[in-house]
Amino acid sequence: MTSNDDSQVFDAEPIDLNKSSVGGYAGNFVHSFGHALVQAPIDGVREVVNTISRSKIVPKIEIVKPPEKAEIATPEWEAQKFGTGAGLIAGLIILARVLTRR
């Protein structure tokens with residue numbers, strides 16, 4: 001048996017997830033997917049309600065920050081485009097399932 005005196009403690013460095021280079025291809029894909037699936041519908045509903053009412057009834061709610069724009073024709077840019085497309089398709093599938101169950 002080992003005693004507690006043999007244990008080591010490591011300090012972790014914080015990671016800034018807002019940088020596009022941190023997550024690479026997968027990180028950019030997931031961030032864009034989440035933004036398209038969660039934040040885009042919220043922004044759309046807010047704009048429609050505020051436009052119809054001609055006043056700012058619904059304040060800006062930011063759950064997922066928009067991803068930083070990647071340089072065109074890089075793997076990060078492609079990941080953002082694929083992630084946004086997949087997020088939109090997933091949102092449409094969820095909406096279709098909700099509407100067909102009623």
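Just so it is clear, the values below take in all heavy atoms, side chains as well, and ignore hydrogens, waters and symmetry mates. Throughout, residue positions are numbered sequentially from 1 according to the sequence presented. Because the structure is predicted, anything quoted here is derived from the model rather than measured.
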Report all side-chain donor-acceptor pairs from residues 84-96 shorter than 3.5 Å, counting only partners two or more places apart or in another chain.
| unit_1 | atom_1 | unit_2 | atom_2 | d |
| --- | --- | --- | --- | --- |
| Thr84 | OG1 | Gln80 | O | 2.9 |

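Residues Thr74 and Ala70 approach most closely at OG1-CB, 4.2 Å, considering heavy atoms.
Side chain of Thr100 to backbone of Arg97: a donor-acceptor contact under 3.5 angstrom is found.
Through chains of ILVMFWY side-chain contacts below 4.5 Å, Ile57 is grouped with Val45, Val49, Val58.
In terms of the side-chain hydrogen bond (donor to acceptor under 3.5 Å, both in side chains) criterion, Asn50 has no residue partners (sequence neighbours excluded).
Within the 4.5 Å cutoff, side-chain heavy atoms of His35 are placed close to those of Pro67. Within the 4.5 Å cutoff, no side-chain heavy atoms of Asn28 are placed close to those of His31. By the 4.5 Å heavy-atom criterion applied to side chains, Glu76 and Glu71 are not counted as neighbours.
Within a 6.0 Å sphere centred on CZ of Phe82, other residues, nucleotides and ligands contribute 12 heavy atoms or fewer.
Taking NZ of Lys60 as the start and CG of Asp43 as the end, the distance is 5.5 Å to the nearest 0.5 Å. Between the CD atom of Glu78 and the CD1 atom of Ile72 there is a distance of 11.5 Å, given to the nearest 0.5 Å.
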